[in-house]
Amino acid sequence: MSDEAVNSEHFGKPEDANGGKTENVGSGLVGRQSDAIPGRFGDPMEISHVVYSQGGGKARPTRPMFLCLHGWGSNEQDLAGMMRYVAPGNDYVSLRAPLVLQAEGPGEFGSGSGAYSWFHDGVPTGEDLDRDIFAAATAVDNWVNEHVGADRELVPIGFSQGAALAIHLLRIHPERYRAVAALSGFVAPGQVKGTAPADDRLADMEKPVFYGYGDRDNVLPKYEIYGATAWLEEHTWLTVKNYHQLDHAVSPAEFTDLTQWLLLNNISSGVV
């Protein structure tokens with residue numbers, strides 16, 4: 001696989017706003033105005049930019065495709081670059097979050113790639129998080145339903161906000177996703193009714209989840225990390241790894257563990 005992702009797509013809004021999509025407009029799932037990013041927590045979202053691996057995501061059709069979800073202030077190129085280290089023999093599609101922190105432009109040294117967010121705050125909590133994560137997961141799941149064949153296995157992989165979102169895809173549509181890799185992520189509390197509709201049936205599915213975090217994480221409080229591991233232990237087939245002296249980041253040791261987990265679960269071939 002080439003180190004560089006290719007075949008970027010730009011999608012406009014559909015002519016029919018409903019068009020078979022899941023929507024949260026008028027359902028009571030839109031909350032208060034955000035103080036950080038314009039808009040309300042829970043505002044409906046839509047995916048407009050993605051980047052595929054070589055071959056338009058169809059070079060390795062017999063193996064699961066990765067669904068890459070970046071973190072706060074990053075963009076779709078971030079996890080795309082990581083995939084050559086953890087699963088070079090698999091296809092991927094990397095999605096750009098819809099909320100704009102800094103628009104893409106000419107820039108220098110990659111600074112023109114833009115910065116984006118899945119949520120209306122860096123790490124929202126409580127009902128704000130429930131509303132935003134449901135809106136974001138719905139947007140991603142809608143995009144998947146429109147652009148990825150139902151017979152193609154998908155493995156969401158995300159960092160930080162993207163890790164939280166990857167986990168939440170199991171909470172709205174677990175049948176569609178083979179497994180999840182969550183790096184330095186967190187879990188929504190599920191206080192707002194309807195934002196995690198699949199929780200009751202998820203535990204019986206024993207979905208494989210890899211959850212990695214640093215013991216020096218300077219973004220997520222310890223109680224968020226411990227709460228996430230406890231929830232995942234109860235609802236999924238969890239593999240959890242704690243990395244010594246690692247802050248809110250990823251590391252070569254984590255890549256090694258993740259690669260091994262992918263092999264053990266027959267997700268990655270391990271072929272370079």
Using the rule given for side-chain contact (heavy atoms from CB on, under 4.5 Å), can you reason through I157 versus M82, listing the C-alpha separation, both sets of side-chain angles and the distance that settles it, and then say yes or no? CA-CA 11 Å; I157 179 171; M82 188 184 80; 3.7 Å; yes
Working to the nearest 0.5 Å, report the span between CG of L95 and CG of N75. 12.0 Å
CD1 on I225 to CG on L220, rounded to 0.5 Å: 5.0 Å
Consider only side-chain heavy atoms of I, L, V, M, F, W and Y, link residues closer than 4.5 Å, and tell whether W237 and V180 are in one cluster. no
Exercise: identify the closest heavy-atom pair between P174 and A198: CD-CB, 3.4 Å
Within the 4.5 Å heavy-atom criterion, are H173 and V144 side-chain neighbours or not? no
Does the plane of the ring in F186 sit parallel, tilted or perpendicular to the ring in F119? Use 30° and 60° as the thresholds. perpendicular
L169 and M65: same hydrophobic cluster, using ILVMFWY side-chain contacts below 4.5 Å? yes
Is there side-chain contact between I47 and P98, with at least one heavy-atom pair below 4.5 Å? yes
May I ask you to decide if the ring planes of H120 and F41 are parallel, tilted or perpendicular, using 30° and 60° as cut-offs? perpendicular
Hey, which of L29, I172, D132 is the one that makes side chain to side chain contact (heavy atoms under 4.5 Å, CB included) with T195? L29
Going from CD1 on I167 to CG on L232, what distance comes out if it is rounded to the nearest 0.5 angstrom? 4.5 Å
Within the structure provided, determine whether R63 and N266 are in side-chain contact (heavy-atom separation under 4.5 Å). yes
Geometric class of the Y85/F255 ring pair [parallel <30°, tilted 30-60°, perpendicular >60°]: parallel
Looking only at heavy atoms, which two atoms of G126 and P189 are closest? And how far apart? O-CG, 3.6 Å
Rounded distance [0.5 Å steps], CG in L99 versus CH2 in W118: 9.0 Å
Determine, for D91 against K58, whether the closest basic-nitrogen to carboxylate-oxygen distance falls under 4.0 angstrom. no
Could you walk me through whether Q260 and F210 pass side-chain contact (heavy atoms from CB on, under 4.5 Å), step by step? CA-CA 11 Å; Q260 183 63 25; F210 178 94; over 6 Å; no
May I ask you to check whether S94 and H70 show a side-chain donor-acceptor distance below 3.5 Å? no
I need the L154 CG to R176 CZ distance, nearest 0.5 Å. 4.5 Å
Please check if atom NZ in K222 has more than 12 non-hydrogen atoms from other residues, nucleotides or ligands closer than 6.0 Å. yes
May I ask you to test the D128-R32 pair for a side-chain heavy-atom distance under 4.5 Å? yes
Where A179 and P156 come nearest, the two heavy atoms and their spacing: O-CD, 3.1 Å
Are side-chain heavy atoms of V250 and S184 found at a separation under 4.5 Å? no
Within a radius of less than 6.0 Å around CD of E206, do more than 12 heavy atoms belonging to other residues, nucleotides or ligands occur? no
Run the side-chain contact (heavy atoms from CB on, under 4.5 Å) check on E254 and L246 step by step: do they pass? CA-CA 10 Å; E254 188 168 25; L246 181 67; 4.2 Å; yes
Should V155 and N90 count as side-chain neighbours, where that means a heavy-atom distance under 4.5 Å? no
Working to the nearest 0.5 angstrom, can you tell me the gap between K207 NZ and R178 CZ? 9.0 Å
P197 to F134 - nearest heavy-atom pair and separation: CD-CE1, 4.4 Å
Under-4.0 Å salt bridge between D199 and R171: yes
Determine whether Y226 and Y211 fall in the same hydrophobic cluster, where Ile, Leu, Val, Met, Phe, Trp and Tyr are linked whenever their side-chain heavy atoms lie under 4.5 Å apart. yes
Looking only at side chains, do Y177 and D141 share a donor and an acceptor under 3.5 Å apart? yes
Non-hydrogen atoms of R60 and R152 that approach each other most closely: O-NH2, 2.9 Å
Where do T229 and L238 come nearest, in terms of heavy atoms and distance? O-CD2, 3.6 Å
Do I37 and Y116 belong to the same hydrophobic cluster, where Ile, Leu, Val, Met, Phe, Trp and Tyr are linked whenever their side-chain heavy atoms lie under 4.5 Å apart, directly or via other members? no
